[in-house]
Amino acid sequence: MSKPAMQLIGLKKTIGKKEIIKGLDFNIHPGEVFGFLGPNGAGKTTTIRMMVGLMKITEGDVIIQGKSIKTEYKEAIKQVGAIVENPEMYPFMSGKKNLQHFARMIPGITNERIEEVIKLVGLEKAINEKAGRYSLGMRQRLGIAQALLHRPSILILDEPTNGLDPSGIREIRHYIRNLAEQENVAVIVSSHLLSEIELMCDRIGIIKNGEIIAINSVHDTTQQTDLKEVHIEVDPVQEAKQHLESILEKEVKVDQSKVIISVLREEIPQVIKSLVGQNYQVYGVQVHRSTLEDKFLELIGENTIE
Amino acid sequence: MSNFIRLVQNEQVKLYVRVATWVMFGILAAIILLGAVIVRFLDDGSLTEYGDNWREEIQEENQKLTQEMEEMSSDSADGGFSVEMINGSTIERNNYYLENDIKPHTYDAWQFVYENAGLASIISLFTIIVAAGIIANEFKWGTIKLLLIRPVSRLKVMAAKYVSVLLFALTMLAFLLVFSWISGAIIFGVDGMNPSIVVDRGGEFIQLNVVKETIMDYSFSMVNLVMMATFAFMISSIFRSSGMAIGLAIFLMFAGNSVVGFVSQYDWAKFILFANTDLKQYTAGREPWIEGMTMGFSISMLLVYYVVFLAASWLAFTKRDVAGH
Ligand SMILES: Nc1ncnc2c1ncn2[C@@H]1O[C@H](COP(=O)(O)OP(=O)(O)OP(=O)(O)O)[C@@H](O)[C@H]1O
Ligand SMILES: [Mg+2]
């Protein structure tokens, strides 16, 4: 594997007496989109604030392209573009003026680069309007534009899908995948909704109460259980349940007029054939993917905010 | 360094893109114009122009004033008193002109600028408002998070903001001077380039160069301005709230002197900031607030306060977490 773009080493944060982040250890690699998933109050934003030096690290360290954010702040932060929490801009300045403002803080950003970034996020039309009049989605885009100005090798986006409509989310997914695949940027995307980031991430780390409780690759589903949950609407439902229990040799659940079974994909045709062969009336079959969502919910259990 | 200039440029852009800043300049301009109009139309005799035979004109004026005083004092006992004071001092001043053979200077743009030194307190007020917001607003807008994740140290960001506040004060001051002079020149005219006036300093008349006096007066009022702006800047940095910073700084600006007045009998009162901000107290013909105070003492006290204010701003701005609201 390539050298990690960012490393979290035993990262902890205590505010007052409360330990908010309880020791995070993971690496993010160039060209990878890492999802940082957790319920409200899990500590995503706090972790991101430490990654970019807005908050002091109580214990541990964040290493960005080999440089510690604690001791080599300038060198480390040069590599990072970020939106922390909401994409807040100067409301009284146009989108363009906002970008020029941030461009002045980093040497070497040309006007061409500013135009390029505006095009990339599709804000050409609204760029001369005041940012205060932007919709949340437009602000989100301006936020991303601001983060990309200096061609960072690490992009950190805190809830970038927040406030976006489905087409907006699809577009963001598209830029993010592009940045990772074409420009080898390491992207960290936080969210509390798995369904929104599942499609754009390569790996997802689940954080709860300040601890990482699982890190999963999204694409290697083979590792995960291959069992699918299948809902079959059938009549008479009780007999069908008994029949299926006898042939599958496992427990079958009933939900109103449906039986719910858990089988491998290859077994589905056989199950249907057997039901039809026994003259059961089959009205419908639904195959539920065993998604990460279930896993996520399973892992985090009830979300109790401590 | 160019990096730092760009940070200051950013602050100036953010300041001048807002209407509120232009309103401040507008208010100052309106006050100056209003002042000029009032002086022009409520002519109290100070606008008299003297011709070549100014000596006779002055003598005539003195006779008239004496006559007025006599009439007044016979009419009413208390009404005559103030007239006696005003006319009396004008007569004395006129006598000084005659004795020293100085032709009285006509009221003109220079003198108008000189008299507008009092408006420096309006500039203080506006500078306090700017200083109070310059850090706190970034927190209010949430933009502080974008400002502090750049390859620029927090100290530099803060210094750029502070320099920007001072730059604003200087700009306003330049505006006050230039705008006063121009409106003065239009309304009163310009009587020579090296004007002088005769003023009463503790019962004694002296002749002063107006330009020199103007520079002195404005410089003295800058001391108070810089101290209050730095104070507001500190509060803004510590509490991250502009309302608090404006409130406290303006309250202290107005209440400060009375506080010193109340406690001036105590020896420790001389350590209070406000006992020291008015360096004019050490100029000719004045008594210091508290006996035994000297210019050197006040300057050292001011330096101590100044360093403390900046150090506190720096600690609060660079050492603390930027967390949620
Ligand atoms: N400044 C602070 N002082 C005290 N506690 C804080 C502070 N900031 C955050 N916390 C606590 O830290 C925990 C994590 O907060 P954080 O904002 O990191 O959560 P999050 O995962 O980003 O949640 P969300 O999905 O709601 O954005 C919360 O329990 C919060 O109450
Ligand atoms: Mg958050």
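Every chain is numbered from 1 and lettered A, B, ... according to where its sequence line falls, protein lines coming before strand lines.
Between B/Val322 and A/Arg49, the shortest heavy-atom contact is O-NH1, 2.7 Å. Shown here for A/Tyr73 and B/Arg150, the closest heavy-atom pair between the two residues is OH-O, 3.5 Å. In this structure, B/Val17 and A/Phe92 approach most closely via the heavy-atom pair CG1-CD1, 3.2 Å. Scanning both residues, B/Arg154 and A/Gly53, for their nearest heavy atoms gives NH2-O, 3.3 Å. Taking both residues in full, the closest heavy atoms of B/Thr143 and A/Met89 are given as CG2-C, 3.6 Å, listed atom of the first, atom of the second, then distance.
The backbone N or O of A/Arg104 lies less than 3.5 Å from a partner atom in the side chain of B/Arg6, making a donor-acceptor pair.
Contact annotation for residues 159-175 of chain B against chain A (heavy-atom separation below 4.5 Å): no residues qualify.
Looking only at heavy-atom pairs under 4.5 Å with chain B, the residue among A/Gln146, A/His150, A/Lys97, A/Met93 that has the most is A/Gln146. Ranked by heavy-atom pairs under 4.5 Å with chain A, the first of B/Lys14, B/Arg18, B/Lys319, B/Gln9 is B/Lys14. Counting heavy-atom pairs closer than 4.5 Å to chain B, the top residue among A/Met105, A/Lys74, A/His101 is A/His101. Counting heavy-atom pairs closer than 4.5 Å to chain B, the top residue among A/Thr45, A/Val80, A/Ile77, A/Thr46 is A/Ile77. Across B/Ile144, B/Val157, B/Leu146, the residue that shares the most heavy-atom pairs under 4.5 angstrom with chain A is B/Leu146.
Heavy atoms closer than 4.5 Å to chain B are found in the side chain of A/Pro91, but not in its backbone. Interface remark: B/Ile149 contributes backbone and side-chain atoms alike to the contact with chain A (heavy atom separation under 4.5 Å). Using a 4.5 Å cut-off between heavy atoms, A/Ala103 contacts chain B through its backbone alone, with no side-chain atom that close. The part of A/Lys13 that comes within reach of chain B is its side chain, from C-beta onward, which places non-hydrogen atoms under 4.5 angstrom from that chain. Proximity to chain B is absent for every atom of A/Glu75, based on heavy atoms less than 4.5 angstrom apart. Using a 4.5 Å cut-off between heavy atoms, A/Tyr90 touches chain B through backbone and side chain atoms alike.
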Practice problem: Could you walk me through whether B/Val13 and A/Gln100 pass side chain to side chain contact (heavy atoms under 4.5 Å, CB included), step by step? | Solution: CA-CA 11 Å; B/Val13 167; A/Gln100 286 167 341; over 6 Å; no

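Counted within 6.0 Å of CZ on B/Arg320, heavy atoms from surrounding residues, nucleotides or ligands total more than 12; the atom is thus considered enclosed. Heavy atoms from other residues, nucleotides or ligands lying under 6.0 Å from NZ of A/Lys56 number more than 12. Dense packing is recorded around NZ of A/Lys70, with more than 12 heavy atoms of other residues, nucleotides or ligands lying under 6.0 Å away.
When each of A/Val52, A/Val84, A/Asp158, A/Ile48 is paired with B/Lys145, the side-chain contact (heavy atoms from CB on, under 4.5 Å) condition holds for A/Val84 and for no other.
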